[in-house]
Enquirer: 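Take this structure first; my questions come after.
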Amino acid sequence: MKVTKLILCFVAMATILFAGCSKDDNGANNNGDNNGSSTNSTLKGTTWQLDNPHDEAFANVGDYHVIYTVAFGQNNEVTFTREISCEEIDYYLKPVMTGTYTYGNDGKGVALMYNEGETTEYRITFTVSGDTLVWNFNLRDITLHKQ
């Protein structure tokens, strides 16, 4: 009787061990890599851009031209730049944010970004549908297109 209980105990432990170690991969990989998923691979090495000659974010201070660019690297790195200019006052600035992103097969992602030279982390959400990327930055949706 003791031997039977001992054997059953080992069988139960082995079953739990093997069930816990099984690979659970439903095709989603949230680190920008895809292992064969066409959704995630569309971001690798891509650049998305919006050229806005009259950006409404600066409407109250002049006629500002802003070029928004989001570039995804080969791994899970991402760069976000805003090239801001205003000819009226001879103004030019190009802030750069860098960081990493996660992205799911549902077309939604999150980027954790830093302004160059700073340590404050910003969480930016985005969605991708075809050749359109909607980047949620400063409580505003910026629609960029694949280059």
Side-chain angles (χ1 to χ4, degrees), residues 8-147:
L8 287 174
C9 182
F10 280 119
V11 169
M13 288 174 48
T15 303
I16 291 170
L17 178 66
F18 287 122
C21 293
S22 69
K23 185 175 180 182
D24 185 20
D25 185 7
N26 61 1
N29 188 341
N30 290 331
N31 66 358
D33 196 15
N34 75 326
N35 294 333
S37 169
S38 62
T39 303
N40 286 339
S41 66
T42 60
L43 292 182
K44 282 182 153 187
T46 61
T47 300
W48 307 73
Q49 195 169 74
L50 169 65
D51 187 343
N52 190 344
H54 307 285
D55 196 295
E56 63 274 6
F58 300 97
N60 61 342
V61 291
D63 191 19
Y64 281 80
H65 182 180
V66 182
I67 300 172
Y68 297 94
T69 305
V70 176
F72 294 96
Q74 291 300 318
N75 295 308
N76 67 335
E77 70 274 2
V78 61
T79 303
F80 174 51
T81 59
R82 292 166 288 148
E83 192 171 344
I84 306 166
S85 62
C86 181
E87 289 182 16
E88 297 168 9
I89 59 171
D90 195 29
Y91 178 82
Y92 179 83
L93 182 66
K94 188 175 181 179
V96 177
M97 297 179 82
T98 58
T100 59
Y101 72 96
T102 57
Y103 184 70
N105 285 336
D106 59 356
K108 296 178 182 180
V110 174
L112 300 177
M113 310 286 294
Y114 299 89
N115 285 310
E116 283 189 338
E118 296 180 10
T119 59
T120 302
E121 181 179 72
Y122 297 91
R123 184 180 185 271
I124 299 173
T125 59
F126 63 93
T127 57
V128 176
S129 179
D131 287 343
T132 302
L133 177 133
V134 178
W135 188 259
N136 185 277
F137 178 71
N138 281 349
L139 302 175
R140 172 176 168 218
D141 287 338
I142 302 168
T143 303
L144 302 100
H145 298 283
K146 193 173 184 180
Q147 299 297 294

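These numbers come from the heavy atoms of this one structure, side chains and all, not from hydrogens, waters or symmetry mates. These numbers were taken from a predicted model, which means no experiment stands behind them.
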Enquirer: Is F126 close to L43 at the side-chain level, that is, under 4.5 Å between some pair of heavy atoms?
Expert: yes
Enquirer: For T132 and H145, run side chain to side chain contact (heavy atoms under 4.5 Å, CB included): C-alpha distance rounded to whole Å, both residues' side-chain angles, the deciding distance at 0.1 Å, then the answer.
Expert: CA-CA 5 Å; T132 302; H145 298 283; 3.6 Å; yes
Enquirer: Consider only side-chain N and O atoms of E83 and Y92, and report whether a donor and an acceptor are under 3.5 Å apart.
Expert: yes
Enquirer: To the nearest 0.5 Å, tell me how far L50 CG sits from L133 CG.
Expert: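 Reported value, rounded in 0.5 Å steps: 11.0 Å.
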Enquirer: Taking the inter-plane angle between the rings of F72 and W48 on a 0 to 90° scale, is it parallel (under 30°), tilted (30 to 60°) or perpendicular (over 60°)?
Expert: perpendicular
Enquirer: In Å and rounded to the nearest 0.5 Å, what is the OG1 to CH2 distance from T127 to W135?
Expert: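 Output value for this atom pair is 11.0 Å.
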Enquirer: How far does CE of M113 sit from OG1 of T120, to the nearest 0.5 angstrom?
Expert: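 Going from the CE atom of M113 to the OG1 atom of T120 covers 13.5 Å.
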Enquirer: Taking all heavy atoms of T143 and all of V134, pick out the closest pair and write down the distance.
Expert: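 Closest heavy-atom pair between T143 and V134: OG1-CG2, 4.1 Å.
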Enquirer: Verify, without hydrogens or angle tests, whether E116 (side chain) and Y114 (backbone) share a donor-acceptor contact under 3.5 angstrom.
Expert: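 Answer holds: no.
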Enquirer: Assert yes or no for the condition that the ring centre distance of Y68 to F137 is strictly below 6.0 Å.
Expert: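 No, the ring centres sit 6.0 Å or more apart.
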Enquirer: Please report the C-alpha distance between T98 and E77 in whole Å, then the side-chain angles of each, then the deciding distance to 0.1 Å, and finally whether the side chain to side chain contact (heavy atoms under 4.5 Å, CB included) criterion is met.
Expert: CA-CA 7 Å; T98 58; E77 70 274 2; over 6 Å; no
Enquirer: For the residue pair D63 and C86, what are the closest heavy atoms and their distance?
Expert: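 For D63 and C86, the tightest heavy-atom pair comes out as O-SG, 3.6 Å.
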Enquirer: Quick one: pull up OG1 in T102 and CG in L112 and give me the separation to the nearest 0.5 Å.
Expert: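 The CG atom of L112 is 7.0 Å from OG1 of T102, to the nearest 0.5 Å.
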Enquirer: About how many Å separate OG1 of T69 and CG of L144, when rounded to the nearest 0.5 Å?
Expert: 7.5 Å
Enquirer: Answer whether the closest heavy-atom distance between the side chains of Y103 and V128 falls below 4.5 Å.
Expert: yes
Enquirer: Looking at residues at least two apart in the chain, or sitting in another chain, which of them share a side-chain contact (heavy atoms from CB on, under 4.5 Å) with N115?
Expert: R82, M97, E118, Y122
Enquirer: Which pair of heavy atoms, one from H65 and one from N52, lies closest together, and at what distance?
Expert: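 Shortest heavy-atom separation between H65 and N52 comes out as CD2-O, 3.3 Å.
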Enquirer: Just grab all the salt bridge (charged side-chain N to carboxylate O under 4.0 Å, His left out) pairs involving residues 134-147, residues at least two apart or on different chains.
Expert: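 Counting only pairs at least two positions apart or across chains, the salt bridge (charged side-chain N to carboxylate O under 4.0 Å, His left out) contacts touching residues 134-147 are D55-R140, E56-R140.
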Enquirer: If you take all heavy atoms of Y101 and G73, which pair is closest and at what distance?
Expert: OH-O, 4.5 Å
Enquirer: Closest heavy-atom contact between I89 and Y64?
Expert: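 Between these two residues, the closest heavy atoms are CD1-OH, 3.2 Å.
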